[in-house]
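Some notes on the structure that comes next.
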Amino acid sequence: MRRAPLLLILAAVSAVAHVVGVLVAAPLWRGAEVLSLALLLGYAVAAGLPAPRWAVPVALVPLIVDAVRTMPAEPGAGGFGWVVYGSGDSAFHRTAGFDAAFAGSWATLAAVAVLLVAFRGRGRSPRAWRSAPGPR
């Protein structure tokens, strides 16, 4: 059996384990997200990378870094509990929503930016665009 399909199946199983853990608020395995992304990186390399061979691995790196950074704490580590916001400082922060949204999506934005830079304009020929028949 080739390695590429096996890596993709294992990545999907790890991703499902991570999603189930998030949905029930009890991680089945703390490293499931990291393993899933690492297996996707292995699959990308084993299956053959597209034309700019650096794009897919570089796009997966911020996702893996974010997955390691946001890995859930050990169950007995005391990292769980209620947090009440607004009890101390009642000042209004204009950028709080932007900061929270960016903190949660910086890795995805970086991955998409890398892929957009690497694959911009692929498949489009400027000559074909100019010579396309259109309404006259």
When clusters are formed from ILVMFWY side-chain contacts under 4.5 Å, directly or step by step, what else is grouped with Trp54? Val58, Val114
For Val22, side chain to side chain contact (heavy atoms under 4.5 Å, CB included) partners two or more places apart: His18
Mind checking whether Leu6 and Leu35 sit in one hydrophobic cluster, side chains of I, L, V, M, F, W, Y counted as touching below 4.5 Å? yes
Could you measure the distance from the OG atom of Ser36 to the CG atom of Leu8? Nearest 0.5 Å is fine. 9.5 Å
Scan for salt bridge (Lys or Arg N to Asp or Glu O under 4.0 Å) pairs involving residues 14-25, sequence neighbours excluded, and state none if there are none. none
Taking only residues two or more places apart in sequence, or in another chain, which ones meet Ala46 in a side chain to side chain contact (heavy atoms under 4.5 Å, CB included)? Ala4, Leu7
Other hydrophobic cluster members with Val20, side-chain heavy atoms of Ile/Leu/Val/Met/Phe/Trp/Tyr under 4.5 Å, chained? Val16, Leu28
Tell me the closest heavy-atom pair linking Leu37 and Ile64, and the distance in Å. CB-CG1, 3.6 Å
Heavy atoms of Pro62 and Ala107 approach each other most closely as O-CB, 3.4 Å
Would you tabulate the side-chain donor-acceptor contacts of residues 38-45 under 3.5 Å, counting partners in other chains and residues two or more places apart, or write 'none'?
none

Per the side-chain hydrogen bond (donor to acceptor under 3.5 Å, both in side chains) rule, what does the pair list look like for residues 60-69, sequence neighbours excluded? Asp66-Arg69, Asp66-Trp106
